[in-house]
Undergrad: 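Here it is: the structure, laid out below.
Computation of the quantities below employed the complete heavy-atom set of this structure, encompassing side-chain atoms and omitting hydrogens, waters and symmetry-equivalent molecules. This chain uses plain numbering: 1 for the first residue, then up along the sequence.
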Amino acid sequence: MEQLNILILTLQTGEEVIANLKDHIEVVDGVERKICYNMIYPFKLEEIGSSQNNEVGVAFKPWKKFSCDTSFLISYDKVLNMCSPLPNLTEEYKKAVDALLQTLAEQQQ
């Protein structure tokens, strides 16, 4: 299984996005160089409901809801910061990815 690098990114737009993040590498002048990030299965995080007992509900919405693509290149300068999600958020993200992949498979039939 491919190693996952699931991170929460704060974008320049203020959006909070969770994604499997990779470096995008291209050959430039015969040398491999990191050009930008590749966000794989990005979801916008939105808080739902009221916070009770320090718990908050989270909605996972596709970052590009009108696209069938599952990975997007993003410039380094568009990312303000990144951090590791809480373990339960990581598990919910994986479920959201599975649901997205199932939906895309059904749409192709």
Side-chain angles (χ1 to χ4, degrees):
M1 176 181 216
E2 178 182 343
Q3 183 160 352
L4 300 177
N5 186 34
I6 300 170
L7 295 171
I8 298 173
L9 297 89
T10 302
L11 304 182
Q12 215 174 35
T13 60
E15 294 171 296
E16 295 283 326
V17 177
I18 187 169
N20 183 17
L21 193 68
K22 308 270 186 209
D23 285 313
H24 178 72
I25 299 171
E26 291 185 13
V27 176
V28 178
D29 298 327
V31 178
E32 285 189 354
R33 297 184 191 269
K34 294 178 183 178
I35 302 297
C36 60
Y37 292 121
N38 184 6
M39 294 190 308
I40 304 165
Y41 307 123
F43 284 88
K44 191 161 84 168
L45 294 173
E46 292 187 4
E47 186 176 331
I48 55 173
S50 60
S51 69
Q52 298 175 1
N53 301 327
N54 291 329
E55 293 184 14
V56 174
V58 177
F60 293 83
K61 299 192 175 182
W63 186 57
K64 294 286 185 184
K65 60 186 171 186
F66 299 112
S67 176
C68 62
D69 291 342
T70 57
S71 68
F72 303 87
L73 300 180
I74 187 166
S75 175
Y76 291 131
D77 66 343
K78 301 301 180 198
V79 179
L80 296 179
N81 64 40
M82 60 182 77
C83 62
S84 298
L86 295 168
N88 61 333
L89 196 61
T90 298
E91 292 308 311
E92 292 301 315
Y93 167 75
K94 290 177 183 178
K95 290 177 187 174
V97 169
D98 289 343
L100 172 67
L101 292 175
Q102 183 175 1
T103 299
L104 291 174
E106 289 170 358
Q107 289 175 351
Q108 290 181 351
Q109 293 179 359

Undergrad: Holding to side-chain hydrogen bond (donor to acceptor under 3.5 Å, both in side chains), I want the full list of residues that pass it with Thr10, two or more places apart in sequence or in another chain.
TA: Glu16, Asn81

Undergrad: For residues Val58 and Ile8: do they belong to one hydrophobic cluster (side chain heavy atoms under 4.5 Å, members Ile, Leu, Val, Met, Phe, Trp, Tyr)?
TA: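 Yes, Val58 connects to Ile8 through the hydrophobic network.
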
Undergrad: Report the hydrophobic cluster partners of Leu80, with the cluster defined as I, L, V, M, F, W, Y residues connected by side-chain heavy atoms closer than 4.5 angstrom, directly or transitively.
TA: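 Reading the cluster by chain and number, Leu80 sits alone, since nothing else belongs.
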
Undergrad: In Å, rounded to the nearest 0.5 Å, how long is the span from CG of Asn38 to CG of Leu21?
TA: 8.0 Å

Undergrad: Atom CG of Asp23 and atom NZ of Lys34: how far apart are they, to the nearest 0.5 Å?
TA: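 Interatomic distance, Asp23 CG to Lys34 NZ, rounded to 0.5 Å: 4.5 Å.
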
Undergrad: Do Val17 and Ile6 sit in the same hydrophobic cluster, where Ile, Leu, Val, Met, Phe, Trp and Tyr count as joined when their side-chain heavy atoms come under 4.5 Å apart?
TA: no

Undergrad: Between atom CD1 of Ile35 and atom CG of Leu73, what is the distance when rounded to the nearest 0.5 Å?
TA: 10.0 Å

Undergrad: Output the distance between atom CD1 (Ile18) and atom OG (Ser84), rounded to the nearest 0.5 Å.
TA: 10.0 Å

Undergrad: I need the full list of ring pair (Phe, Tyr, Trp, His ring centres under 6.0 Å) pairs touching residues 57-78, with sequence neighbours left out, sorted by first then second residue.
TA: Tyr37-Tyr76, Trp63-Phe72

Undergrad: Please enumerate all residues that pass salt bridge (Lys or Arg N to Asp or Glu O under 4.0 Å) together with Lys61, with sequence neighbours excluded.
TA: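 Applying salt bridge (Lys or Arg N to Asp or Glu O under 4.0 Å) to Lys61 gives Glu46.
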
Undergrad: In Å and rounded to the nearest 0.5 Å, what is the NZ to CG distance from Lys44 to Leu11?
TA: 10.5 Å

Undergrad: Under 4.5 Å between side-chain heavy atoms, hopping through other hydrophobics if needed: is there a path connecting Leu7 to Met39?
TA: yes

Undergrad: In a table with atom names and distances, give each donor-acceptor pair under 3.5 Å that connects a side chain of residues 85-102 to protein atoms at least two apart or in another chain.
TA:
{"from": "Thr90", "atom 1": "OG1", "to": "Leu86", "atom 2": "O", "distance (Å)": "3.4"}
{"from": "Glu92", "atom 1": "OE2", "to": "Lys95", "atom 2": "NZ", "distance (Å)": "3.4"}
{"from": "Tyr93", "atom 1": "OH", "to": "Asn20", "atom 2": "N", "distance (Å)": "3.2"}
{"from": "Tyr93", "atom 1": "OH", "to": "Ile40", "atom 2": "O", "distance (Å)": "3.1"}
{"from": "Tyr93", "atom 1": "OH", "to": "Tyr41", "atom 2": "O", "distance (Å)": "2.8"}
{"from": "Gln102", "atom 1": "NE2", "to": "Glu106", "atom 2": "OE2", "distance (Å)": "3.3"}

Undergrad: Taking all non-hydrogen atoms of both residues, which atom of Ser75 and which atom of Cys36 are closest, and how far apart?
TA: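 It is CA-CB, 4.1 Å.
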
Undergrad: Which atom pair, heavy atoms only, marks the closest approach of Ala19 to Pro42?
TA: CB-CA, 3.8 Å

Undergrad: Please name all residues satisfying side-chain hydrogen bond (donor to acceptor under 3.5 Å, both in side chains) with Glu26, sequence neighbours left out, ordered by chain then number.
TA: His24

Undergrad: Give, for atom CD of Gln108 and atom SG of Cys68, the distance between the pair rounded to the nearest 0.5 Å.
TA: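 Result: 7.5 Å between the selected atoms.
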
